[in-house]
Amino acid sequence: MRKRKNIDVKLKKVTFADRAASLKKRIFKIIQIGSRTDVPSLCFDIFIVLVILVNISITVLQTFEEAAGYAGVMEIVEFITMAVFLVEYILRIWTADCLYPEKSYPAAVLGFALSFYGVVDLLTILPYFCPFFIPSGAVVFRMLRVVRILHLFRINSRYDAFNVITEVLRDKRNALVSSIFLVLVLMLASSLCMYGLEHEAQPDNFSNAFSGIWWSMSTLLTVGYGDIYPVTIGGRIMTVIIAFLGVGLVAIPTGIISAGFVEYYTKIKVGSYSQHDADFITLNVAGGHPYTGLQLKQLQLPQGLYPAVVLRGEDVYTPHESLVLEEGDSLLLGTVSVSRFECRIEEVCLEAGHSWIGYRIKELDISRRVFVVMVKRGGENICPQGSTLLQEGDVVLLLEKMFKNQ
């Protein structure tokens with residue numbers, strides 16, 4: 001007769017705090033930019049975009065006298081859209097620690113509140129609701145409602161194009177500042193020249209050195225309002241020279257930004273190190289992976305690896321620093337060899353009796369040219385650390401640098 005074995009099953013008691021934390025993470029994933037595989041998040045993205053468009057449309061329609069007969073309906077629709085923005089802002093404040101997991105909750109809330117989109121959200125809500133509490137400042141708050149136009153950036157932020165623009169402007173900021181400085185210097189110099197040439201002929205229009213700034217701006221930027229213009233021969237000759245210089249100087253920032261876009265997309269296609277050969281490996285960000293919820297700039301990748309592409313369902317994302325990895329993403333990592341080295345990827349299966357079993361990564365007797373890139377354990381990818389204990393059945397991914405003459 002078989003003996004019945006008593007098996008003790010220990011069930012983990014789910015507390016209210018655990019449920020609240022799980023609910024917060026789920027809400028955070030929904031209100032963030034979602035993927036096509038997450039239906040609730042995708043529906044929220046579409047919904048919030050429609051609400052933004054409706055709100056902006058109401059703001060524009062309220063300026064038409066013909067729409068005065070529909071003022072009551074527009075006020076109701078505006079109140080509903082602003083209530084949606086208010087609820088969204090409260091949810092983003094509540095889930096701020098999910099956006100900045102490395103910070104404490106107060107620091108995370110402050111970080112979101114001071115971010116670009118946090119300020120835009122706040123300035124979108126305040127001008128509408130504050131007049132209910134501070135009637136005397138209603139006119140000022142109505143003027144501030146124009147800030148809600150910035151909410152259009154929330155639509156653009158749900159696509160990668162806006163991130164590309166910000167990355168290009170950040171990379172080329174020094175060159176752009178230099179070009180703007182040249183324009184300001186030329187504007188001041190031309191104003192001084194025109195004062196000397198036109199002051200006697202037009203004392204009202206060119207009364208001092210700074211009175212020609214308006215003329216200089218319209219000439220350099222090729223706007224040409226025509227309200228102030230030279231009447232002397234010397235002034236007209238100077239105007240021709242300034243106009244030619246203005247065309248060249250205004251074209252400089254355009255060329256800088258265009259070159260930045262070309263460099264950015266070239267870097268995406270061939271990698272950050274296009275002059276070297278590169279191999280690629282795919283890292284699946286499965287459930288519980290330590291990279292989940294981190295921005296690309298927060299990843300501590302081993303030397304020789306760089307993020308090339310992020311695959312999210314059917315979407316392909318360029319690897320900008322602020323991109324947040326989500327569960328289910330596939331991160332394409334490039335392995336780069338410097339001019340004197342080549343790289344090779346090798347997998348080592350720790351079968352029964354392997355000498356590495358039971359040792360930590362920092363205790364392995366391997367060459368200094370060999371790096372542990374990843375540890376696969378079952379269906380989980382483990383980010384290697386010096387204290388990671390290797391177990392039977394693990395698959396260790398090694399990156400080896402070799403001299404080209406080997």
Side-chain angles (χ1 to χ4, degrees), residues 25 28-29 31-38 41 45 92 95-103 107-108 111-112 115-118 153-154 156-173 260-261 263-274 276 278-336 343 345 371-375 380-385 397 399:
K25 291 181 180 179
F28 173 75
K29 289 183 178 180
I31 64 178
Q32 289 298 106
I33 301 175
S35 62
R36 295 179 181 179
T37 58
D38 192 347
S41 182
D45 292 343
R92 292 189 182 277
T95 60
D97 54 341
C98 296
L99 182 62
Y100 303 101
E102 73 282 357
K103 298 181 180 180
F112 168 74
S115 65
F116 175 76
Y117 292 117
F153 286 110
R154 296 296 300 272
N156 210 357
S157 68
R158 299 182 180 272
Y159 301 94
D160 200 50
F162 183 67
N163 294 315
V164 172
I165 294 174
T166 54
E167 288 291 334
V168 170
L169 294 178
R170 184 182 298 111
D171 292 340
K172 299 297 181 180
R173 60 183 181 275
F261 277 106
E263 293 177 6
Y264 186 88
Y265 283 108
T266 302
K267 182 174 66 175
I268 292 173
K269 291 181 179 180
V270 299
S272 301
Y273 307 89
S274 57
H276 306 297
D279 298 322
F280 297 94
I281 57 176
T282 302
L283 172 64
N284 295 319
V285 184
H289 195 278
Y291 286 174
T292 304
L294 296 182
Q295 297 179 348
L296 289 185
K297 64 182 179 182
Q298 298 174 328
L299 302 184
Q300 297 181 354
L301 296 175
Q303 184 179 6
L305 291 181
Y306 66 93
V309 173
V310 176
L311 304 176
R312 181 173 297 164
E314 299 179 359
D315 298 328
V316 179
Y317 292 87
T318 54
H320 53 83
E321 294 182 347
S322 58
L323 180 61
V324 178
L325 292 178
E326 299 179 357
E327 182 178 337
D329 288 350
S330 295
L331 178 61
L332 191 65
L333 298 175
T335 63
V336 182
C343 295
I345 297 293
F371 303 90
V372 178
V373 177
M374 189 193 315
V375 178
E380 183 181 3
N381 295 323
I382 301 176
C383 182
Q385 299 180 356
L397 195 64
L399 172 67

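Within the 4.5 Å cutoff, no side-chain heavy atoms of L294 are placed close to those of L325. Residues L311 and L332 form no side-chain contact, since every pair of their non-hydrogen atoms from C-beta on lies 4.5 Å or further apart.
Applying the ring pair (Phe, Tyr, Trp, His ring centres under 6.0 Å) test to Y100 and every residue at least two apart in sequence or in another chain returns nothing. Partners of S115 under the side chain to side chain donor-acceptor pair (under 3.5 Å) rule, at least two apart in sequence or in another chain, do not exist in this structure. With sequence neighbours left out, the side-chain contact (heavy atoms from CB on, under 4.5 Å) criterion links L99 to F28, Q32, F112.
Across all their heavy atoms, V324 and Q295 have their closest contact at CG2-CG, 3.8 Å. Considering every non-hydrogen atom in both K29 and S41, the closest pair reads O-OG, 3.1 Å. Pairing each heavy atom of N284 with each of S330, the nearest pair is OD1-OG, 3.0 Å.
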